[in-house]
Novice: 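This structure is in structure tokens; I'll ask about it shortly.
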There are 2 protein chains.
Amino acid sequence: MRIGELSKRTGVAVPTIKYYLREGMLPPGERTSPNQARYDESHVHRLRLVRALIDVGGLPVAKVRDLLATVDSPSDDIDKLLGTVQRAVIPPLPASGQAEMQAAAEEEVRALLDDLGWHCREDHPALTALAGVLVSAQALGHGTFLDTVRRYAVIAAQIGVADLDYIADKRGVDGMLESVVVGTVLGDTALIALRRLAQVNESTKRYPHRRAGTLTENQPEALTQAGPDDLA
Amino acid sequence: MRIGELSKRTGVAVPTIKYYLREGMLPPGERTSPNQARYDESHVHRLRLVRALIDVGGLPVAKVRDLLATVDSPSDDIDKLLGTVQRAVIPPLPASGQAEMQAAAEEEVRALLDDLGWHCREDHPALTALAGVLVSAQALGHGTFLDTVRRYAVIAAQIGVADLDYIADKRGVDGMLESVVVGTVLGDTALIALRRLAQVNESTKRYPHRRAGTLTENQPEALTQAGPDDLA
DNA sequence: AGATTATGGATAGTGGTGCTGTCTGCTTTC
DNA sequence: GAAAGCAGACAGCACCACTATCCATAATCT
């Protein structure tokens, strides 16, 4: 197919496709003449993947480029391949400037992982990110948030099991690699959305003084009387 | 204190603080003369909150502004207050163009919520977002991802309980509102980080052919032999 | 008291991101 | 043969989150 059809099939504007080609996120089409090219289903799929990572996953274009470049070179070290997926989707948090706070929090996280019997590299970006959360929470007077994080950790273990199950199903290197990408990026978005819905549900369960499913008239005093309201 | 000290206390550059003042994210200081102002601890706290939402939570400045503006008007409808927090942190996904696919996926999500006995508004943004994930997954040939989402949902219920527990602890409207903001935004980041660590842990547990905690030399053939590798 | 430094307010500029528009010379389709 | 589509190059644009500069005034140091 030609670029126009590729555009129609995917809903991506032609100039945008050209931009992705320039950026190397989409492999060039097969040449049919010095200035004509033909595209196939693999381009449709790749383009959908790119849009999913950008729109649904919220990744910046540059991250998508790096991610796909790494995935496209399966001759490379597999650690690097899979590690890159994780690194790409954890934006390194802009150094808080509180180096000692950060270091202390990282120690706390390592202790937490020890308690759980979890093992990972000393400098995994997720560890740094989590420590950053704790530093911020502390600075905001929410030191008790650490207890919630501990509860999260137990829950997260179940997520890890579901995630690895999903990947294990897949046959072939390419399929697995794409499952890691899709599962990680779309999974993040799905989990966050489900968290919101769970909060709404839990809230209406605890504070059923207002019907679920509707917004009612103003009752600003409800908060002080009844605690948190439904989040719907 | 004056703006310079506020800057030192928080690590935010003076021009940036001025910018936040202009944008109304930080209330103006108390006037001491026509062109001098004094700031206090509340400004330090607010500034830290703003930076946490931007740096740790990854929210755009405009969202933070809206979020804080709503939180700052507690005379308003409480539904709006809490709903705004959720709406602010779920970026509305850029319409996929596949209206019918999206509608079908939303039906699927509603069915899922029904199965779980969850209740929420028909048009909650998280519902739309989750449906968007399913549409993308389907388009990428990952229709089975729905099964993983079902497993996520059960797990998310536990997160909802932890979240509401965290909020319920707080005393006073302001404290609770800030807990919702902090818990939701920092909680997202914490959960995603823990998910990564759980994936690494689960991976090393299943495929222990390489020691946890280290990157070893190239073994590109490991993948085809042994399945997914450790993600560390 | 005088010099230095900091401040509030206003306006303009910067660098990055993610496209979008326009042009040219070709090719395909009608 | 005319109209539409295409590849490739390049310029431009809108938005975002700051950052820099300037000025007149105020605070601080000596």
Side-chain angles (χ1 to χ4, degrees), chain A residues 1-40 43 47 49-68 88 91-97, chain B residues 1-40 43 47 49-68 88 91-97:
Chain A
M1 78 191 77
R2 307 205 292 161
I3 203 172
E5 194 183 339
L6 186 57
S7 169
K8 260 184 208 105
R9 290 273 305 275
T10 58
V12 180
V14 171
T16 305
I17 296 176
K18 288 185 176 184
Y19 166 64
Y20 291 162
L21 285 166
R22 275 201 304 282
E23 294 294 307
M25 299 155 74
L26 203 55
E30 187 198 345
R31 279 284 129 66
T32 65
S33 82
N35 63 344
Q36 292 291 296
R38 196 178 316 125
Y39 306 91
D40 58 25
H43 292 91
L47 201 40
L49 180 57
V50 168
R51 294 309 314 182
L53 297 180
I54 291 173
D55 289 342
V56 182
L59 297 192
V61 168
K63 283 283 178 196
V64 173
R65 195 203 327 92
D66 298 351
L67 191 55
L68 295 179
L93 63 152
S96 68
Chain B
M1 77 191 75
R2 304 206 290 159
I3 203 171
E5 193 182 341
L6 186 56
S7 169
K8 259 183 209 107
R9 289 274 305 276
T10 58
V12 179
V14 171
T16 304
I17 296 176
K18 287 184 176 183
Y19 166 63
Y20 291 162
L21 285 166
R22 278 201 302 281
E23 294 294 308
M25 299 156 73
L26 203 56
E30 185 197 347
R31 280 284 128 67
T32 64
S33 81
N35 62 347
Q36 291 290 292
R38 196 178 312 126
Y39 306 91
D40 58 25
H43 292 90
L47 202 40
L49 179 57
V50 168
R51 292 310 312 184
L53 296 180
I54 290 173
D55 289 343
V56 182
L59 296 191
V61 167
K63 283 282 177 196
V64 173
R65 197 206 323 94
D66 298 350
L67 191 56
L68 295 178
L93 62 152
S96 68

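Keep in mind that the numbers below use all heavy atoms, side chains included, and drop hydrogens, waters and symmetry copies. Letters A, B, ... are given to chains in the order of the sequence lines, protein chains preceding strands, and every chain is numbered from 1. Source: prediction; values computed, not measured.
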Novice: For DNA chain D, which nucleotides open and close the run of contacts to chain A, 5' to 3', at under 4.0 angstrom from a non-hydrogen atom?
Specialist: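 Listed 5' to 3', the contact boundaries are dG5(D) to dC10(D).
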Novice: Sugar-phosphate atoms are those with a prime plus P, OP1 and OP2; base atoms are the rest. Using that split, label each nucleotide of nucleotides 4-18 of chain C B, S or - for protein heavy atoms under 4.0 Å, 5' to 3'.
Specialist: --SBBB-B------B
Novice: If the condition is side chain to side chain donor-acceptor pair (under 3.5 Å), which residues does Tyr19(B) pass it with, not counting sequence neighbours?
Specialist: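 Checked Tyr19(B) against side chain to side chain donor-acceptor pair (under 3.5 Å); zero matches.
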Novice: What are the two closest non-hydrogen atoms of Leu26(B) and Ile17(B), and how far apart are they?
Specialist: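 Minimum heavy-atom separation between Leu26(B) and Ile17(B): CD2-CG2, 3.8 Å.
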Novice: Could I get the full list of side chain to side chain donor-acceptor pair (under 3.5 Å) partners for Asp40(A), not counting sequence neighbours?
Specialist: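 By the side chain to side chain donor-acceptor pair (under 3.5 Å) rule, Asp40(A) matches Ser42(A), His43(A).
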Novice: Side-chain donor-acceptor contacts of residues 58-68 of chain B below 3.5 Å, not counting sequence neighbours, with atom names and distances?
Specialist:
none

Novice: According to the side-chain hydrogen bond (donor to acceptor under 3.5 Å, both in side chains) rule, which pairs have a member within residues 2-11 of chain A, sequence neighbours left out?
Specialist: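 Residue pairs with at least one partner in residues 2-11 of chain A: Arg2(A)-Gln36(A), Arg9(A)-Glu41(A).
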Novice: Closest-nucleotide mapping onto DNA chain C: is Ser33(A) or Ala13(A) further toward the 5' terminus? I mean the 5' end.
Specialist: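 Comparing both residues, the 5'-ward one is Ala13(A).
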Novice: For dT20(C), take OP1 and OP2 only and decide whether either is under 4.0 Å from a side-chain N or O of Thr16(A).
Specialist: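 For Thr16(A), the contact criterion (side-chain N or O under 4.0 Å from OP1 or OP2 of dT20(C)) is met.
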Novice: Please evaluate residues Lys18(A) and Ile3(A) with respect to the criterion side chain to side chain contact (heavy atoms under 4.5 Å, CB included), reporting the C-alpha separation (whole Å), side-chain torsions for both, the decisive distance (0.1 Å), and the verdict.
Specialist: CA-CA 9 Å; Lys18(A) 288 185 176 184; Ile3(A) 203 172; 3.9 Å; yes
Novice: Could you report the tightest heavy-atom contact between Val50(B) and Tyr20(B), atom names first, then the distance?
Specialist: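 Minimum heavy-atom contact is CG1-CE1, 3.9 Å.
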